[in-house]
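Shown next, in structure tokens, is the structure this report addresses.
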Amino acid sequence: MEEDLENSEVTKSYTSFKKEQEQGEKTFDAIVIGSGTGGLSVAAVLAKEGKLVLVLEQHYIIGGYTHAFQRKGYMWDVGLHYVGQVHIEGTLLNKAFRYISDEKLEWEPLDNIYDRAVFGDKEYEFPRGRNNLKAKLKEYFPDEKDISSIDSYFQLLDEVNKVGPGYYIEKVMPEFLATIFGDFLRRKVLKFSDQTTLGVLKGITDNEQLIGVLTAQYGDYGLQPAQSSFYMHAVLANHYMEGAGYPVGGAPRFAETVIPVIKKAGGEVVMQASVKQIIVKNNTAIGVEMADGTVLNAKTIVSSAGVVNTYGKLLSQEVKEQHDLEKKLEQLTPSLAHMGLYVGIKESSKNLKLPKCNYWIFPDEYNHKLNQDRYTDFDSQLPVAFASFPSAKDPESEEKYPGRTMAEVIILLPDTWFAKWENTSWKKRGEEYEKLKEKFAEQMFEQLYRIAPQLKGKVDYYEVSSPLSTKHFSGHPHGEIYGAALTPKRFRQKFLKPITPVKNLYLAGQDAMIASISGGVMGGVLCATAILKKNMLWKIQKSIKK
Ligand SMILES: Cc1cc2nc3c(=O)[nH]c(=O)nc-3n(C[C@H](O)[C@H](O)[C@H](O)COP(=O)(O)OP(=O)(O)OC[C@H]3O[C@@H](n4cnc5c(N)ncnc54)[C@H](O)[C@@H]3O)c2cc1C
């Protein structure tokens, strides 16, 4: 635990914060619950508009899923492996990250082949650039060339690229305007989001292998094509069309560069600060009650702790009943949880010839639904594994961790498989649990060695995380990676937006917008737009010139 990264130069512990408050209480304009991409980005945007913001994070490391941890001279990130568009100067996402970090966050582009999909022993490359990817797919599937299914797929992606604005504008509209114009504004997105990814792809091709490859990145939204919304798939495919970037300095650099912006305006970011309840009087949020009973007040309260935590746990029964919040939450299902394998090797990534890309590793079966349906217990074949090498992606890694390689493998599974250990505590879950983690380690090592056999026999350290670890550290009740599952139904839920039925209470983060790091950040920007009643997207576009 003492080896975890504590960002202590930029953050404060709750104990120190409380002591300082006793000596002279500082009043804040806004309190933000949660320090993930959503929480920190809304706080930074508000800070740049002169607001004093207090960010409260329950974990002892700041950053939500962008946090990292260290063991024995190695460092691994948890929930940031690549982000699209940020590495290309002038894109909206590039500008948004530059804006909230005061130009301090830098991105290292991944290799031109930024993703590789492996089915059995056949590998498919995802090259950077729309035309390159199209040409590659036509090369892999020559029979499809004449029947234009690949062209139709890219046309659909182009169409989806144009439909978003109305859908997102509605999310920040005052309720009465949303009621009048909402259906009209959302209709273009719903045309795509109402259909499953598989449903749409089956409409353009019956080639199962092609469908398998086109959806090989489904782990990026955590739901196989027969269940996921095609809108989510298309947004993700477009997001990575020009490749991706990785933060120079690793995932924690996100929090390290954004927090100073919040602090410069007089704000604070406090860790080990668990919020128990949002205090609401006369349907207006006025403050928060901390786990130790302390009450902190502010005019604006933002929750970026996820919609299920916010509406399900942080509001009183009376408020929940007043706005039918439990019924609303019943419309959502949690996205999948994950197991992580974190591997340390005493040799540089350069020596080991490890690429700056990610691998999506499958059995030899291309039908993701079939693979997922067969995944019924701990012994069945893994339907998908993700592997990558943060030390190869980060240009500062060799300087900070000389001669060391960090590898990560992630698999998706439901948290319910771990129900038996639900009431045990971290690091004390018993022998059976540890044995099970070992079994998962073996399975994940097997996948890792399929794509990097040169690592065999070189492992110096490894550690396995389970959905219970995620629950413990992230506070997400099902250890879910992407908030509410990205099904067609999810995109029909009008309440997934920054504006809540409680006055002065706002939602930020991925549930208010869309899953992913950039979804979290844009959810934060959107939330600030709703709070300030000022178009912050336009401001970002204007203030960052290129
Ligand atoms: C294994 C994994 C790999 C991923 N890889 C990628 C990737 O490569 N690219 C990508 O774009 N996305 C990736 N994602 C998804 C991405 O990390 C998330 O979509 C995004 O970070 C969500 O941000 P958020 O701010 O909405 O939520 P979070 O980051 O979950 O932040 C919520 C915060 O709220 C805090 N909190 C909860 N309850 C309380 C409380 N009561 N009091 C105080 N604080 C509280 C939590 O501790 C947490 O820090 C990955 C996720 C995971 C788990």
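Just follow the structure's listing: the first ligand is 1, and inside any ligand the first atom is 1. One is the number of the first residue; the rest follow in order along the sequence. Side chains are part of it too, since the values below use all heavy atoms of this structure and drop only hydrogens, waters and symmetry mates.
When heavy-atom distances to ligand 1 are checked against a 4.0 Å cut-off, His338 comes that close only through its side chain, counted from C-beta outward. At a heavy-atom distance under 4.0 Å, no atom of Ala508 approaches ligand 1. Neither the backbone nor the side chain of Lys313 has a heavy atom within less than 4.0 Å of ligand 1. Counting heavy atoms under 4.0 Å from ligand 1, residue Thr66 does not touch it at all. Of all the heavy atoms of Tyr240, the ones lying under 4.0 Å from any atom of ligand 1 belong exclusively to the side chain. Of the heavy atoms in Phe473, only backbone atoms (N, CA, C, O) come closer than 4.0 Å to ligand 1.
Scanning all protein heavy atoms for the shortest distance to atom 30 (O) of ligand 1 gives His476 NE2, 2.6 Å. Scanning all protein heavy atoms for the shortest distance to atom 19 (O) of ligand 1 gives Gln510 OE1, 2.5 Å. The protein heavy atom nearest to atom 44 (N) of ligand 1 is Gln58 N, 3.2 Å. At the top of the distance list for atom 15 (C) of ligand 1, counting protein heavy atoms only, stands Tyr482 CE2, 3.5 Å. When hydrogens are left out, the protein atom nearest atom 34 (O) of ligand 1 is Gly34 CA, 3.3 Å; that is the closest non-hydrogen contact. Annotation: atom 32 (C) of ligand 1 to nearest protein heavy atom, Ser304 O, 3.3 Å. Here the protein heavy atom with the shortest distance to atom 51 (C) of ligand 1 is Ile481 CG2, 3.1 Å. Looking at atom 8 (O) of ligand 1, its nearest protein heavy atom turns out to be His81 N, 2.7 Å.
Heavy-atom distances between Ala273 and ligand 1 reach below 4.0 Å in at least one pair.
Within ligand 1, counting atoms from 1 as listed, the ones closer than 4.0 Å to a heavy atom of Ile410 are 1 (C). Heavy-atom proximity to Gly38, at under 4.0 Å, picks out these atoms of ligand 1: 25 (O). Distances below 4.0 Å separate heavy atoms of Leu56 from the following atoms of ligand 1: 43 (C), 44 (N). With ligand atoms numbered from 1 in the order given, ligand 1 contributes 26 (O) to contacts under 4.0 Å with heavy atoms of Gly509. Atoms of ligand 1 lying under 4.0 Å from at least one heavy atom of Gly64, given by number and element, are 29 (O), 31 (O), 48 (C), 49 (O).
In terms of polar-atom proximity, Tyr65 is counted as a contact of ligand 1, with an N or O under 3.5 Å from an N or O of the ligand. Residue Gly63 has no nitrogen or oxygen atom sitting less than 3.5 Å from a nitrogen or oxygen atom of ligand 1, judged on distance alone. Between Thr37 and ligand 1, a contact under 3.5 Å exists for at least one N or O pair. Some N or O of Val275 is nearer than 3.5 Å to an N or O of ligand 1, by distance alone. Between Ile517 and ligand 1, a contact under 3.5 Å exists for at least one N or O pair.
Ionic pairing of Glu108 and Lys393 is not present here: no N-O contact between side-chain nitrogen and carboxylate oxygen is shorter than 4.0 angstrom. In summary, Arg253 and Glu256 engage in a salt bridge, as defined by a charged side-chain N under 4.0 Å from a carboxylate O. The pair Asp292-Lys18 counts as a salt bridge, with a side-chain nitrogen and a carboxylate oxygen less than 4.0 angstrom apart. At a threshold of 4.0 Å, the pair Asp111-Arg128 does not count as salt-bridged, since none of the basic side-chain nitrogens sits closer than that to a carboxylate oxygen. Between Arg130 and Glu242 no salt bridge is recorded (no basic side-chain N to carboxylate O distance below 4.0 Å).
Ring-centre distance between Tyr461 and Tyr342: not below the 6.0 Å cut-off. Ring pair Phe440/Trp417: centre-to-centre distance not below 6.0 Å. Between His476 and Tyr65, the gap from one ring centroid to the other is short of 6.0 Å. Checked against the 6.0 Å centroid criterion, the rings of Phe362 and Trp360 do not qualify as a close aromatic pair.
For the residue pair Tyr221 and His233, a side-chain donor N or O sits within less than 3.5 Å of a side-chain acceptor on the partner.
Within the set Ser516, Gly36, Gly79, the minimum heavy-atom distance to atom 20 (C) of ligand 1 is found for Ser516. Closest heavy-atom approach to atom 9 (N) of ligand 1 within the set Tyr221, Tyr82, Phe386: this belongs to Tyr82. Counting only non-hydrogen atoms, the option in His59, Glu57, His239, His472 that gets closest to atom 47 (O) of ligand 1 is Glu57. For atom 46 (C) of ligand 1, the nearest non-hydrogen atom from the set Ser474, Gly523, Gly475 comes from Ser474. If you check each of Val78, Leu336, Val521 against atom 2 (C) of ligand 1, the one with the closest non-hydrogen atom is Val78.
Residues Met339 and Leu413 meet the side-chain proximity criterion, which asks for heavy atoms closer than 4.5 Å. The closest side-chain heavy-atom distance from His81 to Ile410 is below 4.5 Å. Between Ile100 and Leu40 the shortest side-chain heavy-atom distance does not fall below 4.5 Å.
Here Glu170 pairs with Arg186 under the side chain to side chain donor-acceptor pair (under 3.5 Å) rule; sequence neighbours left out.
A cation-pi arrangement is present between Lys48 and Tyr99 under the rule of less than 6.0 angstrom and at most 45 degrees off the ring axis.
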Given Val295 and Ile279, is the side-chain contact (heavy atoms from CB on, under 4.5 Å) satisfied, shown in steps? CA-CA 9 Å; Val295 169; Ile279 305 167; 3.6 Å; yes
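Within the model, atoms CE of Met406 and CZ of Arg71 stand 13.5 Å from one another, a figure rounded to the nearest 0.5 Å.
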